[in-house]
Novice: 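Dropping the structure in here first, questions after.
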2 protein chains.
Amino acid sequence: MDELDAAILRSLQSDARRSNRDVAAEVGVAPSTALERTRLLRDRGVIRGSTLEVDLAAVGRPVQALIAIRVRPPSRRAIEAFRDWVQALPETIGLFVVSGAEDFLVHVAVADNEALYAFVIDRLTQRPEVADVRTSVVYEHLRRPPRIEATDR
Amino acid sequence: MDELDAAILRSLQSDARRSNRDVAAEVGVAPSTALERTRLLRDRGVIRGSTLEVDLAAVGRPVQALIAIRVRPPSRRAIEAFRDWVQALPETIGLFVVSGAEDFLVHVAVADNEALYAFVIDRLTQRPEVADVRTSVVYEHLRRPPRIEATDR
DNA sequence: ATTGAAAGTGGTCCGGT
DNA sequence: ACCGGACCACTTTCAAT
């Protein structure tokens, strides 16, 4: 990944729908060159995809929480089974598998506090491997795309 | 937000670079209609932008962590000052302001464990308002775009 | 609010360097 | 590896419904 690749990534990171022509002009190469580089970045798996940033409140899910969960036993079987299950729930928008006092942090977005409470006491406690649950309401969630630098070549 | 808006959002959410023509065909309207709807969603702030999903390991930052931080005093002044400061650090890729035992969860991506350790003991502890720090290594981070449904009209 | 058609613009391929 | 140009697909506007 040289400086040109990095510049293309930075450009598309700030707006994935930017046209290839714009990207090319911004990084100072011909459109055909930018197109080929972008394709290679995709093929190599550096670019995994692109997604819309949607306002969660505007789509009816203004309440967010992070739910820290400890599972027992903390075996690969239990961890992976729980991960797959929770990841498929409609409330889940993110999932961290972590070291430390807890095994998971589940990021959920729901319609209101009642739905959050129901998620925790109805859904999560269904699972026998859930040993401990700690819910934190998210007041604010900011995301920052990673700053990308050339990793030489 | 009716069912058509929701369908357009779902389509672009899975691939923000999909052409307007494709989106229109998928949701069953004319391209001009899809274009107009998309523009309105953007104007209303439902669509905040679009971004590339980049493989963090491929850009040289394979190590992720969540750092739980308690600040003191937990006043608006201290919270907002810390938030703005940590949000601008190059290692930071996400930031949750939360209720509960801690005030922040900082999501960082760095080159290696050494860089993580340096971030925690050199950078964070610079700030006088940092009262407590707890670091969890992220073994796995999955993201799921929110399932979007029509909120009637 | 949605459409089809027209005009403009950008994506994509390829041959040359 | 990069570019320029040709071709064609797509975006975008607009008058009509």
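Per chain, numbering begins at 1; letters A, B, ... match sequence-line order.
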Novice: Which residue pairs pass the ring pair (Phe, Tyr, Trp, His ring centres under 6.0 Å) test with at least one member in residues 50-77 of chain A, sequence neighbours excluded?
Specialist: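 Counting only pairs at least two positions apart or across chains, no ring pair (Phe, Tyr, Trp, His ring centres under 6.0 Å) contact touches residues 50-77 of chain A.
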Novice: Any side-chain N or O of B/Thr33 under 4.0 Å from OP1/OP2 of C/dA1?
Specialist: no
Novice: With a 4.0 Å cut-off on heavy atoms, is A/Leu4 in touch with a base, just the backbone sugar-phosphate, or nothing at all?
Specialist: sugar-phosphate
Novice: State, to 0.1 Å, how close A/Asn113 and A/Val63 come at their nearest heavy-atom pair, and which atoms those are.
Specialist: OD1-CG1, 3.9 Å
Novice: Below 3.5 Å is the cut-off: list the nitrogen or oxygen pairs between protein and nucleotides 11-15 of chain D, distance only.
Specialist:
residue	atom	partner	partner atom	Å
D/dT11	OP1	B/Asn20	N	2.4
D/dT11	OP2	B/Asn20	N	3.4
D/dT11	OP2	B/Arg21	N	2.8
D/dT13	OP2	B/Arg39	NH2	2.6

Novice: Give the rounded distance in Å between these two atoms: CG of A/Leu41 and P of D/dA1.
Specialist: 13 Å
Novice: Can you measure A/Glu36 atom CD to D/dG4 atom C1' for me and round it to whole angstrom units?
Specialist: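 Atom-to-atom, A/Glu36 to D/dG4, this comes out as 16 Å.
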Novice: Find the distance A/Glu3:CD to D/dA1:P and express it as a whole number of Å.
Specialist: 17 Å
Novice: With side chains defined as the heavy atoms from C-beta onward, is the minimum distance between B/Leu124 and B/Phe82 less than 4.5 Å?
Specialist: yes
Novice: side-chain hydrogen bond (donor to acceptor under 3.5 Å, both in side chains): which pairs involve residues 99-109 of chain B, sequence neighbours left out?
Specialist: B/Gln64-B/His107, B/Glu102-B/Arg134
Novice: Evaluate the criterion side chain to side chain contact (heavy atoms under 4.5 Å, CB included) for residue pair B/Asp22 and B/Asp15; output intermediate values, then yes/no.
Specialist: CA-CA 11 Å; B/Asp22 282 357; B/Asp15 177 7; over 6 Å; no
Novice: Does B/Arg61 use its side chain to pair, donor to acceptor, with the backbone of A/Arg147 at less than 3.5 Å?
Specialist: yes
